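Have a look at the structure below before the remarks.
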Amino acid sequence: MLSEIFISALLVIGGVFGLVGSYGLVKLRDAMQRLHAPTKATTVGIGGILCASIAIAWLERGVASTHELLITLFLFVTAPVTANFIAKAYMHRNIEAASLPQTETSCGWAGYAPPPGENEPPSGDKSN
Amino acid sequence: MIAYALIFAFLCYGIGLLLTLWRIATGPDPADRILALDTMVINVIALLILYGMWQGTAVYFEASLLFAMVGFVSTVAYCRFILRGDIIE
């Protein structure tokens, strides 16, 4: 009975956070703000569902299964990379280089200025 | 009780899938659409795991792992295409 309550609580928490993540994607005003919402679904939502899956296999069927952790690990590793790429794609299309603050280092913003050690941007690079 | 919680989680992620679909259809910028596609992949992974729990099998974990990998690669490829005009330079 206690394990049922535990598994059900994990499922409900995961479901609520997944819904909050997708609702924030619709609700928030700006693309940069919208980057914030789905991180809840990625971490707590999927994490809760996977913990419930591990708990069901262990407490209800007596099987210790750990391959759910692979999905959690993969999502946790790839989520920051994805968010960085999406933010850079948005900046590339919508934000002028002149409106950005100074980096106060020898090289400029990534994606706008050439990387350190290179004097010219690569030939395929669009300048904006 | 677990069955009711499973149905609740199914409903949550199903509604979330519809909300991301709305954002893909109306998103003003390609970055919004990429983000919505990424969230859609997350929702589908959750639905697959929930369905595996509903059926009581472990077959769907491989499918959800594949979805996670393909979703990551497709998101990065789409962003690369917008940033550089090419995927593999």
Side-chain angles (χ1 to χ4, degrees), chain A residues 1 4-5 7-12 14-23 25-26 31-32 34-35 37-38 41-42 45-46 48-50 52-53 56-57 60-61 63 65 67-68 70-71 74-75 77-79 81-94 111 122 124-126, chain B residues 1-23 26-32 34-36 38-40 42-43 45-47 49-50 52-53 56 58 61-62 64-65 67-69 71-73 75-86 89:
Chain A
M1 186 62 200
E4 277 197 17
I5 293 173
I7 293 166
S8 304
L10 280 176
L11 280 173
V12 168
V16 164
F17 270 91
L19 185 58
V20 164
S22 299
Y23 178 65
L25 197 66
V26 173
M32 286 303 214
R34 276 180 218 128
L35 268 177
T42 311
I46 295 279
I49 300 288
L50 286 165
S53 176
I56 268 194
E60 300 284 310
R61 292 200 292 272
V63 185
S65 80
H67 55 265
E68 287 92 344
L70 274 177
I71 302 174
F74 188 80
L75 286 178
V77 166
T78 56
V81 182
T82 312
N84 189 16
F85 262 103
I86 292 170
K88 278 177 86 171
Y90 178 77
M91 284 174 75
H92 179 74
R93 284 180 55 89
N94 295 92
D125 197 10
K126 283 186 282 181
Chain B
M1 193 158 71
I2 292 176
Y4 289 115
L6 267 176
I7 289 170
F8 177 76
F10 269 124
L11 274 176
C12 282
Y13 279 100
I15 294 168
L17 209 55
L18 289 177
L19 293 175
T20 53
L21 192 65
W22 188 82
R23 179 52 72 194
T26 65
D29 198 72
D32 291 315
I34 302 170
L35 184 63
D38 196 50
T39 316
M40 193 178 235
I42 297 292
N43 285 338
I45 291 168
L47 280 176
I49 297 164
L50 286 170
M53 285 162 79
F61 286 113
E62 280 78 12
S64 49
L65 202 55
F67 256 86
M69 288 181 182
F72 171 67
V73 170
T75 307
V76 169
Y78 201 174
C79 285
R80 287 293 291 178
F81 185 71
I82 286 176
L83 274 173
R84 309 286 294 175
D86 205 349
E89 292 172 57

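Only a predicted model underlies this, so the values are computations on that prediction, with no experimental measurement involved. Naming: A, B, ... by sequence-line order, numbering from 1 per chain.
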For this session: Return the set of residues passing side chain to side chain donor-acceptor pair (under 3.5 Å) with B:Y13 (not counting sequence neighbours), or none when no residue passes.
Result: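 None.
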Exercise. Residues in side-chain contact (heavy atoms from CB on, under 4.5 Å) with B:F10, at least two apart?
Worked result: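 Checked B:F10 against side-chain contact (heavy atoms from CB on, under 4.5 Å); matches are B:L47, B:L50, B:Y51, B:W54.
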Output the distance between atom [atom1] ([X]) and atom [atom2] ([Y]), rounded to the nearest 0.5 Å.
X     : Y     : atom1 : atom2 : answer
A:L11 : B:F8  : CG    : CZ    : 10.0 Å
B:S64 : A:L50 : OG    : CG    : 7.5 Å
B:L35 : A:M32 : CG    : CE    : 11.0 Å
A:M1  : B:M1  : CE    : CE    : 4.5 Å
A:R34 : B:D32 : CZ    : CG    : 4.0 Å

Measure [X] against the heavy atoms of chain B and call it side chain, backbone, both or neither at under 4.5 Å.
X     : result
A:L10 : neither
A:F74 : side chain
A:V16 : both
A:I56 : side chain
A:L25 : both
A:L75 : side chain
A:A52 : both

Over all atoms of both residues, closest heavy-atom pair of [X] and [Y]:
X     : Y     : value
A:G15 : B:C12 : O-CB, 3.2 Å
A:V26 : B:R23 : O-NH2, 3.0 Å
A:I46 : B:I42 : CD1-O, 3.4 Å

Which atoms of [X] approach chain A - backbone, side chain, both or neither, heavy atom under 4.5 Å:
X     : answer
B:M53 : side chain
B:L11 : neither
B:M40 : neither
B:T20 : both

Problem set entry | Most contacts with chain A, counted as non-hydrogen pairs under 4.5 angstrom, among B:A36, B:A46, B:P30 |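 When all of B:A36, B:A46, B:P30 are compared, B:P30 has the most.
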Side chains of [X] and [Y] in contact at under 4.5 Å (non-hydrogen atoms):
X     : Y     : result
B:C79 : A:I86 : yes
A:V81 : B:F72 : yes
A:F85 : B:L83 : yes

Problem set entry | Intermediate values then yes/no, side-chain contact (heavy atoms from CB on, under 4.5 Å), A:S22 and B:I15 | CA-CA 8 Å; A:S22 299; B:I15 294 168; over 6 Å; no
